[in-house]
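Here's the structure we're looking at; comments come further down.
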Amino acid sequence: MEQINARSIFSPATGYIRRGGFDWTCNPYVGCSYGCTYCYAMFLPQNRRPREDWGQWFQAKINAVELARKQAAKVAGQAIYLSSVTDPYLPAERSLCLTRGILETMLPHQPRLLIQTRGPLVMRDLDVIKRFHSIRVNMSIPTDSEKVRRTFESKAPPLERRWQALAEVKAAGVPTGICVTPMLPVENPEAFARRIIEFAPDVLVTQHFHDSGGGFGADTGAAARELLAQWQWTEEDYRRCVELLRQQRQVYEAEAGFFPPPT
Ligand code: SF4
């Protein structure tokens, strides 16, 4: 891990995040130690390292809390996406407490906050999180299979720990979202759909892998697409799983599902 001093901790939202209604993004880290094979962030211009190194490096914005203290007033009441190109609950966050410090600093200013993570460490901050008036915690749960999870995102937390964390978030009275984005191969679509429906998140987002021919967007790396082919998971399989979910509840697809919590 490297430590850097950032110039700003809130960046104007762009792309699908802006279109979704967010004003700002907040990324306490650059890069991401989870290193998901399909991550679009590895294509970003600020991550100028070899793509095969994605997941093997990250930088902590060590002045993030100090910056948030100076800049939090300007985001008061506005919609913030935490985080768009890293995960705010990387293992290093346990000791660095950058995300926690930013949350504490923003609290008096009550922005509308979306926390996007796959890190069970989010539970640690529930005491702060539940004091935001407009908030949602989105957890990425892209498959029902640990075998699949280990193939596509071997360094990310096990799925059951994510389910448990999200259950705690919900039990604390905080609105939740489940992001099946991108949907990885699912071993038992019926059981997976049933589990999601029974959990009843406030927002459910799904997405199939995209191949934008190397362009940026919801594109996924060639390595991830090759893995997908090896698992013989097709768009038809994805559609079938989405239909199972649709029989019981509303499903947002792709960027339509990334919007701020209501005021
Ligand atoms: S956790 Fe998110 S930012 Fe990190 S590698 Fe995975 S998809 Fe990318």
Side-chain angles (χ1 to χ4, degrees), residues 1-2 4 6 9 11 13-17 20 22 25-61 64 80-94 96 98-99 102 114-123 136-143 145-146 148-159 161-163 165-166 177-185 205-212 216-225 227-228 254-255 257-258:
M1 178 193 72
E2 298 162 31
I4 55 168
I9 193 61
S11 304
T14 57
Y16 80 92
I17 294 174
F22 291 91
T25 57
C26 178
N27 291 283
Y29 302 95
V30 180
C32 185
S33 59
Y34 288 151
C36 306
T37 51
Y38 49 80
C39 181
Y40 65 74
M42 74 177 89
F43 297 96
L44 291 172
Q46 64 264 41
N47 298 328
R48 280 195 205 101
R49 306 195 189 192
R51 285 181 192 154
E52 53 275 19
D53 290 350
W54 182 248
Q56 293 172 37
W57 62 272
F58 72 98
Q59 298 169 319
K61 296 178 182 174
I80 302 179
Y81 193 111
L82 174 87
S83 294
S84 56
V85 291
T86 188
D87 195 299
Y89 288 104
L90 295 178
E93 167 62 22
R94 187 175 294 284
L96 292 175
L98 300 180
T99 297
I102 293 168
L114 177 70
I115 297 178
Q116 180 73 44
T117 188
R118 66 196 69 218
L121 186 59
V122 65
M123 288 185 295
R136 185 166 67 249
V137 174
N138 275 5
M139 185 64 75
S140 296
I141 306 180
T143 177
S145 163
E146 266 302 292
V148 171
R149 197 274 303 161
R150 282 195 296 270
T151 303
F152 286 85
E153 41 176 79
S154 63
K155 294 165 74 181
L159 300 166
R161 288 183 54 217
R162 303 184 206 180
W163 279 107
L166 200 62
I178 292 181
C179 296
V180 192
T181 53
M183 186 182 288
L184 302 178
V205 197
T206 68
Q207 181 169 14
H208 187 53
F209 271 59
H210 274 224
D211 176 2
S212 64
F216 181 69
D219 194 13
T220 46
R225 292 200 301 276
L227 284 174
L228 201 67
E255 69 176 59
F258 293 94

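Both counts, for ligands and for their atoms, begin at 1 and track the order of listing.
Using a 4.0 Å heavy-atom cutoff, Tyr40 is absent from the residues neighbouring ligand 1. Not a single heavy atom of Ala41 sits under 4.0 Å from any atom of ligand 1.
Contact record, Tyr29 with Ala92: OH-C, 4.2 Å, taken as the closest heavy-atom pair. What you find for Ile178 and Leu166 is that their closest heavy atoms are CG1-CD2, 3.5 Å. Closest approach of Ala156 and Arg149 over heavy atoms only: O-NH1, 3.0 Å.
Among the atoms of Cys32, an N, O or S atom is found under 2.8 Å from atom 4 (Fe) of ligand 1. Look at Cys39 and atom 8 (Fe) of ligand 1: an N/O/S atom of the residue is under 2.8 Å from the metal.
Residue Trp54 approaches ligand 1 through these ligand atoms, each under 4.0 Å from one of its heavy atoms: 5 (S). Close approach of ligand 1 to Tyr34 is summarised as follows: ligand atoms under 4.0 Å from at least one heavy atom of the residue are 1 (S). Numbered from 1 in the order shown, with element, the atoms of ligand 1 that lie under 4.0 Å from a heavy atom of Thr86 read 3 (S).
In this structure, Tyr38 and Phe152 have tilted ring planes: the angle between them lies in the 30° to 60° band. Ring planes of Tyr16 and Phe258: perpendicular class, angle over 60° (limits at 30 and 60°).
Ranking protein heavy atoms by distance to atom 5 (S) of ligand 1, first place goes to Cys36 N, 3.2 Å. Of the protein's non-hydrogen atoms, the one nearest atom 1 (S) of ligand 1 is Arg118 NE, 3.2 Å.
Partner Ser84 forms a side chain to side chain contact (heavy atoms under 4.5 Å, CB included) with one of Leu114, Thr25, Leu44 and no other, that one being Thr25.
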Exercise. Starting from the C-alpha separation in whole Å, work towards a yes-or-no answer on side-chain contact (heavy atoms from CB on, under 4.5 Å) for Met139 and Thr117.
Key: CA-CA 5 Å; Met139 185 64 75; Thr117 188; 4.2 Å; yes

